[in-house]
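One structure is given here, and the rest of the page talks about it.
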Amino acid sequence: MTNTALRAENSNSRTITFKSREHEKFYEEYLKKCRYQDVYHRALVYCLGIDRDTRNNVNKIYNFKTGCVKTECRQEGWQTSGSLRIVRMAFNLYCNGTPSVGDYEAEEDQLKECQCYTVEDLFCCGYSVNWDFVFVTALLILVESRVLIMIFN
């Protein structure tokens with residue numbers, strides 16, 4: 001009988017699907033700049049590379065030296081509704097929470113910001129239906145101990 005654990009170990013080679021060549025180049029370049037190349041940083045860099053606006057403003061979103069997200073980036077003029085969704089998804093996957101909620105003092109404002117991290121808000125956007133899978137890709141990076149991307153076109 002074949003040992004299924006050994007067979008599974010040998011079948012873990014998967015490839016990452018990128019939105020574009022620019023997305024792929026960004027991922028390769030900026031993952032190297034992270035303090036660690038763990039699943040949290042992979043998910044963060046993958047998400048931030050999806051959109052041109054987040055790629056162009058990555059240093060306003062994340063501090064590569066300290067490893068801290070810059071929640072104040074959500075208030076900057078370059079942000080679009082799509083880039084805000086990407087930033088929140090990246091923050092959520094990286095921090096395992098809703099870090100920007102702490103930017104507000106009033107409970108009502110904190111609740112509104114927290115609601116921006118819901119699956120419905122993150123996935124109901126102008127991207128085509130296939131790009132919902134891009135976001136799921138980042139989730140899969142966290143689910144697996146290795147980089148695992150499964151996108152169905």
Going by side chain to side chain contact (heavy atoms under 4.5 Å, CB included), name the residues that satisfy it together with [X], two or more places apart in sequence or in a different chain.
X: Cys68; result: Thr66
X: Asp53; result: Asp51, Trp78, Thr80, Ser83
X: Lys25; result: Arg21

* Can Val101 be reached from Leu84 by stepping across I, L, V, M, F, W or Y side chains whose heavy atoms are under 4.5 Å apart? -> no
* **Same cluster (ILVMFWY, side-chain, under 4.5 Å), Ile86 and Val69** => yes
Nearest heavy atoms of [X] and [Y], plus distance in Å:
X: Phe26; Y: Val45; result: CE2-O, 3.4 Å
X: Cys116; Y: Asp121; result: O-OD2, 3.2 Å
X: Val87; Y: Cys73; result: CG1-SG, 3.9 Å
X: Tyr40; Y: Leu93; result: CD2-O, 3.4 Å
X: Asp38; Y: His41; result: OD1-ND1, 2.6 Å

* Asked: With a 4.5 Å limit on heavy-atom distance, are the side chains of Ile61 and Phe91 in contact?
  -> yes
* Asked: With a 4.5 Å limit on heavy-atom distance, are the side chains of Leu48 and Tyr30 in contact?
  -> no
Please identify each residue that fulfils side chain to side chain donor-acceptor pair (under 3.5 Å) with [X], with sequence neighbours left out.
X: Thr98; answer: none
X: Thr118; answer: none
X: Glu22; answer: Ser20

To the nearest 0.5 angstrom, please state how far the [atom1] atom of [X] sits from the [atom2] atom of [Y].
X: Arg85; Y: Ile50; atom1: CZ; atom2: CD1; answer: 13.0 Å
X: Lys65; Y: Asn59; atom1: NZ; atom2: CG; answer: 10.0 Å
X: Arg42; Y: Cys47; atom1: CZ; atom2: SG; answer: 14.0 Å
X: Ile16; Y: Glu24; atom1: CD1; atom2: CD; answer: 8.5 Å

* Please identify each residue that fulfils ring-ring contact (aromatic ring centres under 6.0 Å, His included) with Tyr62, with sequence neighbours left out. => Phe64, Tyr94
* Asked: Who passes salt bridge (charged side-chain N to carboxylate O under 4.0 Å, His left out) against Glu29, sequence neighbours left out?
  -> Lys33
* Between Gln110 and Cys114, is a side chain to side chain contact (heavy atoms under 4.5 Å, CB included) present by the stated rule, with each step listed? -> CA-CA 6 Å; Gln110 288 178 341; Cys114 191; over 6 Å; no
* Return the orientation label for the Tyr46 and Phe18 ring planes: parallel under 30°, perpendicular over 60°, tilted otherwise. => tilted
* To do: Determine which pairs satisfy ring-ring contact (aromatic ring centres under 6.0 Å, His included) with at least one residue from residues 95-121, sequence neighbours left out, and list them in order.
  => none
* For a side chain to side chain contact (heavy atoms under 4.5 Å, CB included) with Lys60, tell me which candidate from Gln79, Glu76, Glu72 qualifies. => Glu76
* Asked: Do any pairs count as a salt bridge (Lys or Arg N to Asp or Glu O under 4.0 Å) and have a residue in residues 108-118, sequence neighbours left out, and if so which ones?
  -> Arg74-Glu113, Arg88-Glu113, Glu108-Lys112
